[in-house]
Amino acid sequence: MQPSLFDGENEDILNEQTPPDKPFDYLNELNKVQRAAVEQTEGPVMIIAGPGSGKTRVLTYRIAHLINLGKAPYNLLSLTFTNKAAREMKERIEQIVGGEAAQQLWMGTFHSIFARILRIEAQHLGYPTNFTIYDTEDTKKLIAAIVKERGFNSDIYKPNVVYSRISNAKNKMISPAAYQTNLQLKARDEIDGLNRIEDLYALYIKRCRRAGAMDFDDLLLNMYYLLAKFPEVLQKYQHKFRYILIDEFQDTNFVQYAIVKKLVGEGRNICVVGDDAQSIYAFRGATIRNILNFEKDYPKLNIYKLEQNYRSTKNIVQVANTIIKNNKNQIAKQIWTSNQEGQKINLIKAATDTDEGKLVADSIYETRLRHHFKNEEFAILYRTNAQSRIIEEALRRRGIGYKVYGGLSFFQRKEIKDMMAYLRLTVNPHDEEALRRVINYPKRGIGKATIDKIAITADKMDKPIWDILLKINGFKLATRTKKSIISFVNLIRNFKQRQAKESAYELAKYIGRLTGLVQELHNDKTVEGLSRFENLEELFNSIKEFVDNKVRENLEKPNDRVDDSLGAYLQEVSLLTSMDTGEESAEQVKLMTVHSAKGLEFPCVYIIGLEDKLFPSARSMKSVQDLEEERRLFYVAVTRAKEKLVLSAAMSRRKFGAIQYSDISRFVQEIDPNYLKIVGGKPTFSGYKSDSYDAFKKSENIRNSIKNAKNQQQKKPIAPIKDFKPSNPADIQVNSVVVHNRFGKGTVLSIDGRGDRRMAIIAFEHAGEKRILVRYAKLMIVG
DNA sequence: CCCAGCCTGGTTTTT
DNA sequence: CCAGGCTGGG
């Protein structure tokens, strides 16, 4: 697959034998259509690329081709949707054209490339160069704060709802003023009793500006404004980006396409690659209309259709085709392959979710032995992140190594966000979400009442909170509080002064020490505290790595000024997702959502939780459009598989503590049974009880009795211990842990939950009798 | 102002 | 079931 000329131990010898001026003959690696798409470098090009059709190859070779034709790499702009896709493409291009040229390419996600440009051009828009990027959490907190300050009903104006309406408006480039006159939106808000969204929208924008902050949508919207309102800037970037490439074009939304149209300009050298059948991001504003409009906007469009699939077996390709053909709204096409027929699609129907986990783990174990696969050749895909836990347990029990991608990202952890807030504040003291987060953490006697008072003043004077803090002496507050505020302000100022002379790493270490954050976590000897401390160290390591990289780049390219400031670090890091952190794993089964599996491929794919209401999700089952998007999602999942595909469903599943019974997914039922082979479990649920189902029932009974007893006699030891066994062997490990609370010292039999507080089932003696107790507890490591 | 404990409301998918 | 918000005692 890959150009493996320089593979293996004989690298040096090969290098000597291969003259450096004889490039890798990439054109011969392509089929006819692919090659035509690569060679058509001028004018508008659209490539409709089915799954596994060599899309990435075409994109990378096209870039390599442009460079070989003498185009300067820094004149090429290549936009993707994930950092991972960008990184991988860069690596592959590097192999063909060399590192130096690859480094100069403008290649990245829409958000990161635009953030980079906006950082350079910030002053045009009245933003500071070091603007903050608000993540979703910051955004929602800000909205909640505004709703509260303005005395809106927080039961109606929920942050989630308000945010999604604002975000939708932004993605369609509807300003607050336009929002007010948009009858359709107004009508919808009216029905939901949210008729003042437009006010919140305007306020929200104002507050972001005041804080020198942009949210994810602003990175796109402001990029558009920059190009639309400043002709000289537009010209600069039109001139710079002579050739533009866009991957996953079906995922672009209205603003993104508007920006691209501006950038393309008269040169018209634009190439988009996409597949309407793989459009799975409508919920964040993506529209396949962009694909349809593209033809209208660029009449002399060259269209290439890549329909041959090189990835999967015939069976998998056929099943994929039969699934997607149920969608009415699509551009007709059929993918085909000359690959081998392969084995049938396996279908696991399990009784419960725990059974499902067990059967999947068993199947992986067996497949691995029988067909000599390695762990990393397996992927388990699911609809929601929450599904990973049960599977994890099953894999652990089977002794199969795994890695979970996605979910809560490193940078979303509390301790990391706290530290980051100090860093953000140092770079941009107007960043109010950061300020609110740490002004009283670690505790320094600036309570909620004080902050609220200052926030109201700030709002009245229409000034950033920071500016109020600077002049705190003029305000009516307790002397002690004022003192605390002044020392806080001085702390941040001190950091800011050091910014010029210290590297991001040195400064971050210094900040961690001086704020007492490191000490605070170091003092916390609980299990969670320890891992928080380790996470913080990992953050420092990542900053060090960033700085070291930049220093190296600086040495390589002494003429370019490489930005290794804290601000640059923050910008880079705030656009990372959970998919981007952590090492690539060997020997580990990969667990991720279907969404994050897009663009990837694996020899063996397990798609789990194929039940109505889960996949398709209950929310999507109401409208045809949503259901079709879910079906595309299933299509994407199925086409990740190269050799083996296993579908699985559980007839009953624990959800919010209760059991939910489901039918097997309508999507699975759409598959011709001739392609399916039912394995493991029993096809029907009635009358069938599995081991794990029994265990589950038993533990549920125990839990119920505990709950009842707890209600009757709160805070008293209850339920005799003699019959109780932890249902999960993994929990036994926590026996090395004791709990301290007001009842004394006990042994933890089982713990549940994550984060700060955990539910613990504790055994201890009371009045000479063994008892168990269910409590939230802090866990301490003994010895 | 702080903290522990209780209560309630929200759970698709992601840059 | 869980995290964050709220409350009431210190």
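Everything quoted here is computed from the prediction, not taken from an experiment.
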For A:D626 and B:dT12, give me the distance from atom CG to atom P, rounded to whole Å. 13 Å

Could you pick out which residue, A:E629 or A:K158, lies toward the 5' side of DNA chain B when each is mapped onto its nearest nucleotide? A:K158

Within the structure shown, what part of the strands sits under 4.0 Å from A:T450 by heavy-atom distance: base, sugar-phosphate, or nothing? sugar-phosphate

Closest approach to the side chain of A:T384, judged atom by atom: which nucleotide of B:dT12, B:dC2, B:dT14 is it? B:dT12

State which of C:dC2, B:dT12, B:dT15 makes the closest approach to the side chain of A:R389. C:dC2

How would you label the contact of A:F81 with the nucleic acid (heavy atoms, under 4.0 Å): base, sugar-phosphate, or nothing? sugar-phosphate

Would you kindly give the CG-to-P distance between A:D452 and B:dC1, to the nearest whole Å? 10 Å

Take A:A449 and A:N83, find for each the nucleotide of DNA chain B with the closest heavy atom, and name the residue whose nucleotide sits nearer the 5' end. A:A449

Can you identify which nucleotide, out of B:dC1, B:dT15, B:dT12, has its nearest atom closest to the A:H111 side chain? B:dT15

Measure CG/A:N168 against C1'/B:dT13 and give the value in whole Å, please. 15 Å

Quiz question: by atom type and distance under 3.5 Å, do the side chains of A:Y569 and A:S542 form a donor-acceptor pair? yes

Looking at A:L614, A:L591, A:L610, which hits side-chain contact (heavy atoms from CB on, under 4.5 Å) with A:Y382? A:L591

Over how many whole Å does the gap from A:Y441 atom OH to B:dC2 atom P extend? 13 Å

Do A:K598's NZ or CZ and the ring of A:Y281 fall within the cation-pi criteria of under 6.0 Å and 45°? no

When rounded to whole Å, the OH to P distance for the pair A:Y163 and B:dT12 reads 14 Å

Is_stacked (A:F283, B:dT13) at 5.5 Å, 30 deg: yes

What heavy-atom pair brings A:Q250 and A:V273 nearest, and what distance separates the two atoms? OE1-O, 4.3 Å

What is the separation between atom CD1 on A:I608 and atom P on B:dT12, rounded to the nearest whole Å? 17 Å

Looking only at side-chain N and O atoms, does A:R413 come under 4.0 Å of OP1 or OP2 in C:dA3? no

What is the distance from CZ of A:R383 to C1' of B:dT12, rounded to the nearest Å? 4 Å

Contact under 4.0 Å: A:T593 side-chain N or O vs B:dT12 OP1/OP2: no

A:E137 atom CD is separated from C:dA3 atom C1', nearest whole Å, by 11 Å

Could you check, using the six-membered ring where one of them is a Trp, whether A:Y257 and A:F249 have ring centers closer than 6.0 angstrom? yes

Drop me the distance from A:I117's CD1 to A:L219's CG, to the nearest 0.5 angstrom. 11.5 Å

Touch class at under 4.0 angstrom, heavy-atom based, for A:N440 against every strand present: sugar-phosphate

Under 4.0 Å, counting only non-hydrogen atoms across every strand here, what does A:F615 touch: a base, just sugar-phosphate, or nothing? nothing

If you compare every side-chain N and O of A:N160 against the phosphate oxygens of B:dG9 (OP1, OP2), does one of them come in below 4.0 Å? no

On the nucleotide B:dC3, are OP1 or OP2 found under 4.0 Å from the side-chain N or O atoms that A:K443 carries? yes

When you measure from the side-chain N and O atoms of A:N385 to the phosphate of B:dT12, is any distance below 4.0 Å, counting only OP1 and OP2? no

Is it the case that the base of B:dT12 and the side chain of A:R619 share a donor-acceptor contact (distance under 3.5 Å, atom types as modelled)? no

